[in-house]
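The chain is numbered in sequence order, starting from 1.
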Amino acid sequence: MSRLEQPAETTHELRRPGRWIALAVLVLAVLLVAVDATVLGLATPFLTEDLKPSGTQLLWIGDVYSFVIAGLLVSMGSLGDRIGRKKLLLTGAMAFGAVSVFNAYASSPEMMILARALLGVAGATLMPSTLALIRNLFQDPRERSLAIGIWGAMASAGAAVGPVVGGFLLEHFWWGSVFLINLPVMAVLVVVGVKMIPESKNPAPGPWDLVSVALSFIGMIGVVYAVKELAAHGTSWGVAVVGLGGLAALCWFVRRQLTLPAPLLDMRLFHHRGFSGAVLADLLTILGLSGLVFFLSQFLQLVQGRGPLEAGLAELPAAVGAVTAGLIAGVAARRYSVRSVVSGGLGAIGLALAAVTLFHRETAYPLIGVVLLIVGVGAGFAFTVTSDVILSSVPKEQAGSAGAVSETAYELGAALGIALLGSIVTGVYQDFATPRGVPSANASAAHESLGGAVEAAHGLPAQQAGALISAAQESFVEGLRIAAGVGAAVLLATAVAAWFLLRGQKLEDGIVHQ
């Protein structure tokens, strides 16, 4: 049927009035999550000084959010398909704002870890809902590509706004203020979203299988926790039991989905090579990137001595590159090919990470800025196109589940990346030799984290303090270089794999009738 022959209701569905205003509201949710993720890294030195977490606790503060959100995304995406994606989005936004207050006023490392975990529960409701609603708002594939590009660009803009706004707040207020910036964004999202976002859900979803929910959560948490502990402390019977238990739960989850008449996640989606390739590319890309992102703010502040606002501004090139590339990624993928854009983007990130292996304490900013710009451009191209491929591969009724798989790959990659690459940085860092004459209590605190070393140097004679900080900084940078090298290898291998897995994959071009 030609476009002129379409019935009125189909045309209305394809060109839903107010869809761009609705999109503007949806990207506020993306900003909410992206800002929260970036300000934590910027606030880490201040948080470390105030709460005095151990090195292990600091890693948990950094990655427990991703652990929990990865464990719940599939369940929440499926829940949105059933009860309504708008309802789940607005409920999650209100919860996200409320738990942000808990984060801001955490008074101990244990309380902060709990607060970050609860934030993960709320965050798990946001990202799948936004992607699924975009899938249903924009039926024209070219419009949807642009909408996804804007969605990804705003996530990158959030990554830029977070450090700049967070840096300003950290220079004028206490570290908890960086979490309170979520509140006005949440308020606008809820007030405007109630009127502007249309509800959508699967018309025949079937029951929400609680056994599958439990298996998904237990399996994800078990596997990620085991990887984290293995990287940090080596093998042990306890870690092996938890890891094998997680794998068993995931295997049981998969078998159960294949037998349920209304599965929590339709495993047949993975039979589509483009879908599977895009998901794998997202997971491995974030795994390779996350260690750099988590530790770069500490490098800029605690190694190079920049203030928090200056450090936030220094990270802007990555966001500028990602926003620019995200907006033109759909056009580039149609003009050339999906696999060339995705593989080229991943290869660019890999080469940029390889350049980080050349960093040292006095590395000039132009090199840092160029590396960040290339990372942003590569990520903008790769993530926008893979998100489009994932959403285009499924019927719109399953958009929530597809969006959840996409975000699960993202969050699981972040959790594994911080666990593996973060553990490399921490392990290398803790091996530095304590300068002669430093008291054992100060030396013990210095070996916990770089922020701990700066704090431990206070009160020491100037010569000892300088020697301690210098040794700690050199060790930290060495760990960062090694982790970046591992990340570069992962990204370059992923670029090659994407070239083969996405062979023949094309973005939809024109109206697709449902």
Side-chain angles (χ1 to χ4, degrees), residues 25-48 50-51 53 57-58 60-73 76 87-130 154-155 157-194 293-294 297 308-309 312 407 410-411 414-415 418:
V25 177
L26 288 177
V27 298
L28 285 176
V30 179
L31 280 169
L32 201 70
V33 177
V35 166
D36 180 77
T38 53
V39 296
L40 177 65
L42 202 66
T44 294
F46 299 86
L47 184 152
T48 301
D50 190 16
L51 302 185
Q57 286 175 328
L58 189 61
W60 272 108
I61 290 171
D63 59 23
V64 71
Y65 172 83
S66 293
F67 282 11
V68 173
I69 203 171
L72 288 176
L73 273 169
M76 291 301 181
K87 183 185 299 182
L88 186 65
L89 175 72
L90 297 181
T91 301
M94 289 187 288
F96 199 92
V99 178
S100 293
V101 177
F102 186 21
N103 278 257
Y105 291 98
S107 57
S108 68
E110 294 80 10
M111 187 180 294
M112 189 67 188
I113 292 170
L114 174 61
R116 295 292 294 169
L118 292 175
L119 202 65
V121 176
T125 67
L126 298 178
M127 298 301 278
S129 299
T130 60
M154 292 308 292
V161 170
V164 174
V165 175
F168 174 81
L169 292 172
L170 288 168
E171 290 194 351
H172 295 85
F173 306 99
W174 98 114
W175 60 263
S177 64
V178 301
F179 296 105
L180 298 182
I181 60 177
N182 293 334
L183 297 181
V185 179
M186 177 275 294
V188 172
L189 192 159
V190 172
V191 171
V192 181
V194 166
V293 172
F294 185 70
S297 289
L309 180 57
E407 292 304 317
Y410 186 100
E411 296 298 339
I418 291 176

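- Looking at every heavy atom in both residues, Leu180 comes nearest to Tyr105 through CD1-OH, 4.2 Å.
- For Ser100 against Phe96, the heavy-atom pair with the smallest separation is OG-O, 2.7 Å.
- The distance from atom CE of Met111 to atom CG of Asn103, rounded to the nearest 0.5 Å, is 11.0 Å.
- Here the closest non-hydrogen pair linking Met76 and Val121 is CE-O, 4.4 Å.
- Contact check for Phe102 versus Leu114: side-chain heavy atoms found under the 4.5 Å cut-off.
- In this structure the side chain of Leu90 reaches within 4.5 angstrom of the side chain of Leu189, judged on heavy atoms.
- Closest approach of Gly92 and Ala122 over heavy atoms only: O-CB, 4.0 Å.
- When side chains are defined from C-beta on, Thr125 does not count as touching Thr91, because their heavy atoms never get closer than 4.5 Å.
- Across Ala115 and Val99, no two heavy atoms sit closer than the pair O-CG1, 3.6 Å.
- Considering every non-hydrogen atom in both Val64 and Arg116, the closest pair reads CG1-CB, 3.4 Å.
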